[in-house]
Novice: 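Got a structure for you, questions after.
In what follows, residues are counted from 1 in the order of the sequence shown. Computed from a prediction, not measured in an experiment: that's the story for all the values here.
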Amino acid sequence: MLKQIFFPLTSTPFSRSGYRELLPSKELAPYVRAFWALWNEEESARQIELSAAPIIPDLCADIIIATDGTENESDGREISSLFFCGVSDKMFASTHSQGRRRRLFGIRLYAWQASLFSDEPLLKTANGFFDLQFHFMTAKKLLLTKLSPVMNLEEFKQVAEETLLELLDRSASKTPGQNPLVMDAIFQMIRTRGSQPLSSLLKDIHASERQLERFFAQTLSLSPKKVSSLIRYQSLWQRACFSKNFDIQDAVADFGYFDQAHLLNDFKKFHGMNLSEARQLARRTK
């Protein structure tokens, strides 16, 4: 249900050189936004770095597997690292290592679902990168038994889905769990596209602000206010990308901004560039 009404986008939602994405199975759609891979065997590492797109906040957290190799596939390829990229609340620039040819495979988990696959609460993981063993030791062990360094995206998706389903089958005592108040709040935020005041939200879900702050910190490592703001930002970005007749004044009213300046400043704060520049970048990759 949540997946159907909130489908966060990247800064280049139409295409990106060397980047591919596959949607999850119906069973995993409530938990996973996409499985993705980033590489380009035809371009040099320097060209890939120059064409790298900005990474914008999308309320997802990623499990990422890196494999390294040389230009000649016969020289072999190896899994060099598995790590966790926590949910972000600000734009950052992606980089691509030079030298050995690196491929990245990723699982984009909705941030409010990521703890279901971890071994411990995801406190203080926002905007951070961690070796997978620090929060997802069980997932790391399972993935390493299944992964191949020469897999393609379709093969990676199969391995990843098998692993995620196995993790979901664990007993509740082996996971941090998921607080129902968090899910109630997330659903309400998505339903109102992040425009509902926190005081009104708290009345709807029958929770105190202190309660919700604590539960959100354990589950998403972000405050309820920040999550609501990011949902509004991503909802606006989806409208800006896909609406043929995007009207900024309509967006001000529909997403609960005070005025046009408020909308534009809020968008730039999260996206790292103004709205017109962001739309031009998206269109150039169409």
Side-chain angles (χ1 to χ4, degrees), residues 1-8 24 26-34 57-63 84-90 107-128 130 134-136 138-139 164-165 167-238 254-257 266 270:
M1 180 67 173
L2 288 177
K3 183 258 180 188
Q4 294 173 346
I5 58 177
F6 184 71
F7 198 68
K26 184 177 179 180
E27 191 172 7
L28 284 170
Y31 309 96
V32 178
R33 165 60 179 83
D58 61 359
L59 280 173
C60 292
D62 291 62
I63 291 174
F84 174 65
C85 176
V87 63
S88 63
D89 62 3
K90 54 191 173 184
I107 307 169
R108 286 176 69 195
L109 299 166
Y110 289 107
W112 53 85
Q113 303 282 30
S115 63
L116 292 175
F117 305 98
S118 68
D119 299 316
E120 57 191 74
L122 299 178
L123 283 161
K124 299 181 179 179
T125 57
N127 303 304
F130 309 88
F134 290 114
H135 300 285
F136 295 83
T138 303
L164 294 178
L165 290 171
L167 291 168
L168 283 176
D169 281 341
R170 291 182 297 175
S171 66
S173 63
K174 294 185 178 181
T175 68
Q178 190 178 66
N179 190 283
L181 283 177
V182 171
M183 295 305 294
D184 289 347
I186 291 290
F187 181 84
Q188 187 72 358
M189 289 174 181
I190 291 174
R191 188 184 69 80
T192 60
R193 296 180 296 194
S195 63
Q196 184 180 23
L198 183 60
S199 57
S200 174
L201 170 68
L202 292 171
K203 290 179 181 178
D204 284 344
I205 65 172
H206 307 291
S208 71
E209 185 171 355
R210 181 173 294 182
Q211 272 183 313
L212 207 60
E213 289 276 353
R214 183 172 73 254
F215 295 146
F216 265 63
Q218 293 173 343
T219 305
L220 289 98
S221 191
L222 293 174
S223 71
K225 286 184 178 179
K226 181 58 67 69
V227 172
S228 184
S229 294
L230 288 169
I231 287 172
R232 178 164 66 171
Y233 152 72
Q234 267 288 339
S235 300
L236 169 63
W237 179 227
Q238 186 168 18
D254 291 345
F255 296 106
Y257 290 99
D266 193 65
F270 290 126

Novice: To the nearest 0.5 Å, how far apart are CG in Leu109 and CG in Leu116?
Specialist: 9.5 Å
Novice: Would you call Val227 and Val87 a side-chain contact if the rule is heavy atoms closer than 4.5 Å?
Specialist: no
Novice: Are the side chain of Ser195 and the backbone of Phe255 linked by a donor-acceptor contact shorter than 3.5 Å?
Specialist: no
Novice: Starting at CD1 of Ile190, measure out to CD of Gln234 and round the result to the nearest 0.5 Å.
Specialist: 11.0 Å
Novice: With Phe134, which residues qualify under ring-ring contact (aromatic ring centres under 6.0 Å, His included), at least two apart?
Specialist: none
Novice: For the side chain of Arg108 and the backbone of Asp58, is there at least one donor-acceptor N/O pair under 3.5 Å apart?
Specialist: no
Novice: Compare every heavy atom of Tyr257 with every heavy atom of Leu236, then report the nearest pair and how far apart it is.
Specialist: CD2-OH, 3.9 Å
Novice: Using side-chain contact (heavy atoms from CB on, under 4.5 Å), reason through Ile186 and Phe6 one step at a time and then give a plain yes or no.
Specialist: CA-CA 10 Å; Ile186 291 290; Phe6 184 71; over 6 Å; no
Novice: Is there a donor-acceptor contact under 3.5 Å from the side chain of Ser228 to the main chain of Pro224?
Specialist: no
Novice: Check for a donor-acceptor pair, side chain of Gln188 on one end and backbone N or O of Leu202 on the other, with a separation under 3.5 Å.
Specialist: no
Novice: Would you check if there is a donor-acceptor pair between the side chains of Asp204 and Gln196 at a distance under 3.5 Å?
Specialist: yes
Novice: What's the spacing between Ile63 CD1 and Leu164 CG if we round to 0.5 Å?
Specialist: 6.5 Å
Novice: Is the NZ or CZ atom of Arg232 positioned over Phe270's six-membered ring, under 6.0 angstrom from the centre and within 45° of the axis?
Specialist: no
Novice: Within a strict 4.5 Å, meaning less than it, do heavy atoms of the Phe216 and Asn179 side chains meet?
Specialist: no
Novice: Can you name the one residue among Pro57, Cys60, Ser235 that meets side-chain contact (heavy atoms from CB on, under 4.5 Å) with Pro8?
Specialist: Cys60
Novice: Indicate the atoms forming the closest heavy-atom contact of Leu168 with Phe117, along with that distance.
Specialist: CG-CE2, 3.5 Å
Novice: Short question: side chain of Ser115, backbone of Thr219 - any donor-acceptor pair under 3.5 Å?
Specialist: no
Novice: To the nearest 0.5 Å, what is the distance between CG on Leu222 and OG on Ser88?
Specialist: 8.5 Å
Novice: Answer yes or no: is there a side-chain heavy-atom contact under 4.5 Å between Arg193 and Gln238?
Specialist: no
Novice: Can you tell me how far the OG atom of Ser118 sits from the CG atom of Leu167, to the nearest 0.5 Å?
Specialist: 9.5 Å
Novice: Which atoms form the tightest heavy-atom contact between Pro24 and Ala29, and what is the distance?
Specialist: CG-CA, 3.7 Å
Novice: Does the Lys NZ or Arg CZ of Arg33 fall within the cation-pi geometry relative to Phe7 - under 6.0 Å from the ring centre and within 45° of the axis?
Specialist: yes
Novice: Is the side chain of Gln113 donor-acceptor paired with the backbone N or O of Pro30 at a distance under 3.5 Å, no angle test?
Specialist: yes
Novice: Got a second to check how far Thr138's OG1 is from Glu120's CD, nearest 0.5 Å?
Specialist: 10.0 Å
Novice: Would you please classify the geometry between the Phe84 ring and the Phe136 ring as parallel, tilted or perpendicular, with 30° and 60° separating the classes?
Specialist: tilted
